[in-house]
J.: 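Right, I'll just put the structure down here and ask away after.
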Amino acid sequence: MRAFLRAAVISVVLAVSVTAPSAAAAPTAARYAEHLTIGFVFGDDAHDTNPFWRGELSPTTVVSQSTSGPLWWKTTTTVLSGQASAARVNMPETERTGSVQLTVVQRPFMAPEVRYSAFDGWLTGTSWHAGAKGFSGTFTTTDGHSGPIAAVTDAKMAEPAQTTAAEYPFLAAVLTGPHKGALPVGDFHINQIGTYVGGNFLSTGGIYTVIGDTDGHIVLMHMVGYGAVVGVPDSVLGGQVLGGTFTGPSPGDGGTWGSIRTFRIF
């Protein structure tokens with residue numbers, strides 16, 4: 001039963017735009033060697049009233065590419081470098097700049113794995129899922145912060161922005177940390193005024209206040225006292241879905257989540 005539920009979570013997450021390509025897809029020589037829009041959340045400080053960061057990565061230089069393994073299981077590793085910038089939302093004075101390095105590992109019939117080091121090593125992490133339109137994962141910083149992060153391509157950013165206000169029942173899978181293997185279920189009740197997101201998060205652990213920010217392409221949310229999520233909205237079979245990665249409630253906990261059905265509020 002647990003294996004079935006974990007497979008269901010993965011299926012839900014794969015519905016959103018940043019998820020894995022089909023099994024038939026061949027490795028792409030320089031995947032993500034382009035401009036990327038990023039969003040991430042500090043999920044570890046319940047008293048941080050603006051833990052939301054947005055910015056960009058430009059890992060357009062191919063530093064190296066190598067292939068290893070037998071003919072029937074070739075692994076291609078591509079190292080990209082470039083520049084990065086990001087700031088807290090509506091706080092340009094907090095801007096960070098520096099270098100970025102992406103290490104993209106592509107194995108046959110599998111989604112790419114992306115390891116990232118940005119702002120001269122201040123922020124590092126690994127993706128939990130990735131695909132043609134971007135990737136999402138978790139991160140830690142050298143000054144003790146952690147949280148979820150998403151990066152999307154210009155092609156994804158060119159799609160129509162989606163309103164976030166809706167009810168989002170979800171499934172999740174904890175992939176790291178003290179609760180590794182857990183399969184949380186819950187519900188987001190999200191309202192939106194302009195780019196501001198607010199509402200409630202309901203799980204087996206209780207009800208938590210949600211604050212957040214959205215640009216219609218990457219949704220950043222902080223469940224005060226619990227953790228943080230990033231979500232990438234998309235439409236599947238005419239219905240809106242939202243999914244991505246999260247951290248919390250315990251230090252080190254992180255994984256993937258996806259809405260199983262969306263009820264529109266407005």
Side-chain angles (χ1 to χ4, degrees), residues 17-18 32-61 80-102 114-128 130 133-159 161-164 190 192-198 209-224 227-233 242 244-248 254:
S17 294
V18 299
Y32 309 128
E34 59 184 299
H35 177 266
L36 300 168
T37 299
I38 62 171
F40 57 95
V41 187
F42 285 171
D44 47 74
D45 186 352
H47 304 290
D48 191 336
T49 58
N50 184 13
F52 312 112
W53 293 70
R54 293 189 182 275
E56 57 186 349
L57 308 177
S58 297
T60 54
T61 300
L80 308 171
S81 68
Q83 296 300 305
S85 64
R88 288 182 187 252
V89 172
N90 298 322
M91 297 178 65
E93 70 277 9
T94 64
E95 184 183 34
R96 278 184 173 268
T97 60
S99 63
V100 61
Q101 179 172 291
L102 303 184
V114 186
R115 299 191 290 269
Y116 33 89
S117 175
F119 311 104
D120 300 328
W122 173 66
L123 181 151
T124 59
T126 303
S127 67
W128 287 117
K133 296 183 180 180
F135 56 87
S136 182
T138 55
F139 70 87
T140 58
T141 66
T142 56
D143 53 356
H145 293 290
S146 61
I149 185 172
V152 300
T153 65
D154 288 348
K156 175 61 180 175
M157 291 297 293
E159 295 177 0
Q162 292 192 10
T163 301
T164 302
I190 302 300
Q192 181 179 341
I193 301 175
T195 62
Y196 177 77
V197 171
T209 298
V210 174
I211 59 174
D213 178 83
T214 181
D215 63 359
H217 300 95
I218 300 176
V219 184
L220 309 175
M221 294 190 288
H222 181 43
M223 298 91 77
V224 181
V229 302
V230 294
V232 177
L242 186 66
T245 50
F246 71 92
T247 57

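When a residue number appears, it is its place in the shown sequence, counting from 1.
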J.: Please test Val229 against Val41 for side chain to side chain contact (heavy atoms under 4.5 Å, CB included), starting from the C-alpha separation and ending with a verdict.
T.: CA-CA 7 Å; Val229 302; Val41 187; over 6 Å; no

J.: How long is the straight-line distance from NE2 of His217 back to NZ of Lys156, given to the nearest 0.5 Å?
T.: 6.5 Å

J.: Without swapping roles, check the side chain of Thr94 against the backbone of Arg88 for a donor-acceptor pair under 3.5 Å.
T.: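 Judged by distance alone, yes, a pair lies under 3.5 Å.
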
J.: What's the separation between atom CG in Leu123 and atom OG1 in Thr142, rounded to the nearest 0.5 Å?
T.: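 One finds 9.0 Å between CG of Leu123 and OG1 of Thr142.
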
J.: Is a side-chain donor or acceptor of Asp120 paired with a backbone partner of Gly98 at a separation under 3.5 angstrom?
T.: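 Such a contact is absent between Asp120 side chain and Gly98 backbone.
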
J.: Under a 4.5 Å cut-off applied to non-hydrogen side-chain atoms, are Leu36 and Pro59 in contact?
T.: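 Side-chain contact under 4.5 Å: yes.
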
J.: Nearest 0.5 Å, what's the CD-CG distance between Glu34 and Leu80?
T.: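 Output value for this atom pair is 10.0 Å.
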
J.: If only atom types and distance count, is the side chain of Gln192 paired as donor or acceptor with the main-chain N or O of Gly194 below 3.5 Å?
T.: yes

J.: If you define the side chain from C-beta out and look only at heavy atoms, does anything of Thr195 sit under 4.5 Å from Asp215?
T.: no

J.: For Thr214 and Val197, work out which heavy atoms get closest and say how close.
T.: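 Closest approach of Thr214 to Val197, heavy atoms only: CG2-CG2, 3.6 Å.
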
J.: Among Leu57, Thr97, Ile38, exactly one meets side chain to side chain contact (heavy atoms under 4.5 Å, CB included) together with Ser85. Which residue is that?
T.: Thr97

J.: Is there a side-chain contact between Thr126 and Arg115, using heavy atoms and a 4.5 Å cut-off?
T.: yes

J.: Check whether more than 12 heavy atoms from other residues, nucleotides or ligands sit under 6.0 Å from atom CG of Asn90, and answer yes or no.
T.: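 Atom CG in Asn90 is not crowded, with 12 or fewer foreign heavy atoms closer than 6.0 Å.
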
J.: Please step through side chain to side chain contact (heavy atoms under 4.5 Å, CB included) for the pair Arg54 and Ile218, ending with a clear verdict.
T.: CA-CA 9 Å; Arg54 293 189 182 275; Ile218 300 176; 3.8 Å; yes

J.: Write down the atom of Gly121, the atom of Ser117, and the distance for their closest heavy-atom approach.
T.: CA-OG, 3.5 Å

J.: Determine whether Ile190 and Val219 make a side-chain contact, defined as any pair of heavy atoms from C-beta on separated by less than 4.5 Å.
T.: no

J.: Could you grab the distance from atom CZ of Phe42 to atom CG of Asp48, nearest 0.5 Å is fine?
T.: 7.5 Å

J.: Mind checking the CG-OG1 spacing from Leu102 to Thr61? Nearest 0.5 Å is all I need.
T.: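 The distance works out to 11.0 Å.
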
J.: Look only at the side chain of His35 and the backbone of Thr153, and say whether a donor-acceptor pair between them is shorter than 3.5 Å.
T.: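 Here the side-chain-to-backbone pair does not exist.
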
J.: Does the plane of the ring in Phe40 sit parallel, tilted or perpendicular to the ring in Phe119? Use 30° and 60° as the thresholds.
T.: tilted

J.: With sequence neighbours left out, write down each residue that passes ring-ring contact (aromatic ring centres under 6.0 Å, His included) with Phe52, or none if nothing qualifies.
T.: none

J.: Quick check: closest heavy atoms across Thr247 and Pro148, and the distance to 0.1 Å?
T.: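 Looking at all heavy atoms of both residues, the shortest contact is OG1-CD, 3.7 Å.
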
J.: Any idea which heavy atoms bring Val100 and Ala84 closest together, and the distance?
T.: CB-CB, 4.0 Å

J.: Can you tell which of Tyr116, Phe139, Trp53 makes a ring-ring contact (aromatic ring centres under 6.0 Å, His included) with Trp122?
T.: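 The option that passes is Trp53.
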
J.: Would you give the length of the straight line joining atom OG1 of Thr141 to atom CG of Asp44, rounded to the nearest 0.5 angstrom?
T.: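 Going from the OG1 atom of Thr141 to the CG atom of Asp44 covers 7.5 Å.
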
J.: Can a side-chain donor-acceptor contact be found between Ser136 and Thr245 if the only test is distance below 3.5 angstrom?
T.: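 Yes, Ser136 and Thr245 have a side-chain donor paired with an acceptor closer than 3.5 Å.
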
J.: Might you point out which heavy atoms bring Gln162 and Pro233 nearest each other, and give the distance in Å?
T.: OE1-CB, 3.6 Å

J.: If we only count heavy atoms from C-beta on, is the Ile211 to Tyr196 side-chain gap below 4.5 Å?
T.: yes

